[in-house]
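Below is one structure; the comments refer to it alone.
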Protein chains: 2
Amino acid sequence: MNEGGAAIKPVTVYDIAREANVSVATVSRVINNTAPVKKSTRERIMELIAKHQFQPNALARSLYKKETGMIGVILPDITNPFFPEVLAGLDQEARSKGYTFFLCDTVSTNGDSAEQYVRESQYLSILMEKQVDGIVMIGGRINLAKPSKELIGEVVEASKRVPLLLINGNLPGEGMTRVYADELEGAELATQHLIELGHERIAFVGGYKHMSNTVQRIKGFVRTMERSGLQARKEWIMDGGFSVESGKAFMNRMLALPERPTAIFCANDLVAIGVMKAAHKAGIRVPEELSLIGFDDIPYASNSIPELTTVSLRCYDVGRHAAELLHQMITKSKVSKNTKIRPELIVRESTARPPARTETASESTIEIMLKNND
Amino acid sequence: MNEGGAAIKPVTVYDIAREANVSVATVSRVINNTAPVKKSTRERIMELIAKHQFQPNALARSLYKKETGMIGVILPDITNPFFPEVLAGLDQEARSKGYTFFLCDTVSTNGDSAEQYVRESQYLSILMEKQVDGIVMIGGRINLAKPSKELIGEVVEASKRVPLLLINGNLPGEGMTRVYADELEGAELATQHLIELGHERIAFVGGYKHMSNTVQRIKGFVRTMERSGLQARKEWIMDGGFSVESGKAFMNRMLALPERPTAIFCANDLVAIGVMKAAHKAGIRVPEELSLIGFDDIPYASNSIPELTTVSLRCYDVGRHAAELLHQMITKSKVSKNTKIRPELIVRESTARPPARTETASESTIEIMLKNND
DNA sequence: GTGAAAGCGCTAACAC
DNA sequence: GTGTTAGCGCTTTCAC
């Protein structure tokens, strides 16, 4: 019964022109307001347009004008709350300039990151074929600490053909235009906060050491610790994921250790939530017995109990700046290659002074922890 | 220094053809594998394509072929975790069929829903002008219990021109194709669960009564209560939002009531989280003193402490089915107009048997509640 | 197996 | 003010 598709045959400028007894040029002129047209004919044409609900074919227009008003966004996983936030910023700013977005999610069905990179490559091609005015990449290969030559090459090549902007990542030495949150400063902020609270035994968990953001965060952590004469212990620096699940795993690994930290700096909020859950399960109270600080300030960070202290990467602002910059690139104005956004410490409820340290108390705590750790 | 834009002048089939000493037709043939070409010339052409990194202009191709491989998705707010989930499903299925997505976020900067509808209209036009192969709408006007004639008309009109699919909403009487989660059954599932746990005093909070999803959920709630001989009290049915903030407000209103329920059915998970936070602040333990059930099963539902019992609307599946269906509409096959997805009860930790009811205990609880409620 | 040419729907010189 | 026409880059008959 239902034919699904559209039935109406499309109206073109020619149809309008014919019916109005003018040439297509005149129709085009009134559509685009690109030259004066006699009032009476203009009105006649307007009426026809309304009558037929004429909508100019943007494909044809773009083909001629060589601009599409489309921007492609390549990201790793729209399901990760981090990305919608930057998308929202991007959108808000770009929308006002008349752009629409291609959403290119490179999430791999099997969790294989190689697959993710081939998808990035595919989307890069597709976007260029579709003649987008610009591309923004976020996450994925541009976050690799040591991206391969091929992975780099593709992006560099693309950036020669279309304005391309990197968010929160980099291809070192390639001079790409990028806007990014200062990971290093963020990590320092977080670590400093814990130190000021009186913590000395601090762990860092989460992320992947092969990713530059993790490297940066760890670097900021270690540096700040040392600056305060504190030691960043090897066995208290764990990587292996950005997810809630990995957070739980980290905490459970922590519980098995002979000694435990009084505070944990988590590579992102998702990990922090996982840690919090595992801690809760083990009967460890946050923040009384264990302080937790996250990273990113995703919307959910303020929804947990206790609410998560974290470092805001100001994704929304990053997104807005990115859109602004990309627009400049598209309109061929000079742009500054590096736009750094300063992160912000958001103190909520998951951090507090460390518990008073009596040897017996500490030991009994460990005992309890071990018992609860299934 | 940086010119931002692309510098390379684009290569066309003509360039390739000239250099290969063939006609553009032949080039086109090897690109699309649309007719046999002598092996030697094919190889020559392939080499040239690789050498120049030639990428066919999809605009031109689409202009001729009248298909773009683009699908537009109009949604209210990408920042709401509900939507990325259905997007992911949509994407996974559509990607395999070669579609790419336009993301059209209609979020209004000032929270004005009239503005949101304007944006929906704009996007509807833009998408049609850009010649998308199909459009899916989710949220916004299609969730209105009583949408205006104009609001309806635009969508119906659009659906005559391009395959258009509604997710989790409807324009009653217009015979639109849609895929949706069964709100009614979901609400029944939730209510039934609470009743089976032994609850008799159950509240429903959240949503907007002018939205059909809320109407459905309340209907399912009331119906199930009555079916069990229980009363759905007027003062325990509150609407006014789908956000965490509104959830807090609901709980605080609840605390001010002379009598309180032992369980609350929240219109969605975000509201449930808000309720949980306010309850926690008031010193009410979930689920020991108050059972909470959410709706949607957003990713965060399993991250709260306690983890949220909820009803999964199976967004991901909804998204997948939607993509499947839209593809059928695009390829002109007959499609069933209504695809209903059955929701699923997800029992986690926020629901339990109601507290033993002794008059004194109940009263002292209320006293505490009032004290803590700032 | 290959080429010539028309045409997708629009815009913008360039004439008048 | 308005019309004619040449593209934009591609695909596809229809000849050969």
Side-chain angles (χ1 to χ4, degrees), chain A residues 6 8-46 48-49 52-70 126 128-133 161-162, chain B residues 6 8-46 48-49 52-70 126 128-133 161-162:
Chain A
I8 296 181
K9 51 110 206 43
V11 179
T12 74
V13 277
Y14 284 95
D15 300 322
I16 303 289
R18 192 179 322 115
E19 198 168 337
N21 266 316
V22 294
S23 75
V24 290
T26 305
V27 176
S28 177
R29 287 185 188 106
V30 349
I31 293 172
N32 302 293
N33 229 299
T34 191
V37 173
K38 206 207 307 179
K39 195 172 177 202
S40 65
T41 66
R42 141 169 278 111
E43 278 166 357
R44 189 152 31 103
I45 291 172
M46 299 277 269
L48 257 9
I49 287 177
H52 291 106
Q53 307 224 62
F54 167 71
Q55 297 187 299
N57 184 325
L59 254 30
R61 172 183 289 156
S62 293
L63 181 58
Y64 183 91
K65 303 196 67 168
K66 294 175 179 324
E67 61 176 53
T68 55
M70 309 188 303
I126 291 175
M128 291 192 293
E129 290 182 5
K130 292 202 187 295
Q131 314 296 122
V132 294
D133 290 343
R161 294 165 175 251
V162 55
Chain B
I8 295 181
K9 52 110 206 45
V11 179
T12 74
V13 277
Y14 284 96
D15 301 322
I16 304 290
R18 191 179 324 113
E19 199 168 337
N21 267 317
V22 295
S23 75
V24 290
T26 304
V27 176
S28 178
R29 287 188 187 105
V30 351
I31 293 172
N32 302 292
N33 230 299
T34 191
V37 173
K38 204 205 311 177
K39 196 172 177 201
S40 66
T41 66
R42 139 170 279 112
E43 278 167 357
R44 188 152 33 103
I45 292 173
M46 298 277 269
L48 258 8
I49 287 176
H52 292 105
Q53 307 224 58
F54 167 70
Q55 297 186 298
N57 184 324
L59 253 30
R61 172 183 289 157
S62 294
L63 183 57
Y64 183 90
K65 303 196 66 167
K66 294 175 178 325
E67 62 175 53
T68 55
M70 309 187 303
I126 291 174
M128 291 192 291
E129 290 183 4
K130 292 204 188 291
Q131 313 296 122
V132 295
D133 290 342
R161 295 166 174 251
V162 55

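Because the structure is predicted, anything quoted here is derived from the model rather than measured. Naming convention: chains lettered A, B, ... in sequence-line order (proteins, then strands); numbering from 1 in each chain.
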Over its full length, what angle do the end axes of the helix from C:dG1-D:dC16 to C:dC16-D:dG1 make, each axis taken from five pairs and the result rounded to 10 degrees? 40°
Take the protein atom CD of B:Glu129 and the nucleotide atom P of C:dT11, then report the distance between them rounded to whole Å. 10 Å
Are there any protein N/O atoms within less than 3.5 Å of an N/O atom in nucleotides 13-16 of chain C, and if so, which ones and at what distance?
none

I'd like to check the side chain to side chain donor-acceptor pair (under 3.5 Å) partners of B:Arg61; sequence neighbours left out, ordered by chain and number. B:Asn32
So, using side-chain contact (heavy atoms from CB on, under 4.5 Å) as the criterion, who are the partners of A:Tyr14 when residues are at least two apart? A:Thr12, A:Arg18, A:Val24
Nearest of C:dG9, D:dT2, D:dT11 to any side-chain atom of A:Thr26? D:dT2
Closest nucleotide among C:dA12, D:dT11, C:dG1 to the B:Lys38 side chain: C:dG1
Out of curiosity, A:Leu59 CG to A:Lys130 NZ, how far, rounded to the nearest 0.5 Å? 9.0 Å
Got a sec, which pairs hit salt bridge (Lys or Arg N to Asp or Glu O under 4.0 Å) with one end in residues 24-44 of chain B, sequence neighbours left out? none
Which residues satisfy the side chain to side chain donor-acceptor pair (under 3.5 Å) test with B:Thr68, sequence neighbours excluded? B:Asp133
D:dG3, C:dG3, D:dG9: which one has an atom nearest the side-chain heavy atoms of B:Ser23? C:dG3
Within this structure, what is the CZ-to-P distance between A:Arg61 and C:dA12, rounded to whole angstrom? 9 Å
Partners passing side chain to side chain donor-acceptor pair (under 3.5 Å) against A:Glu19 (at least two apart in sequence or in another chain): A:Lys51, A:His52
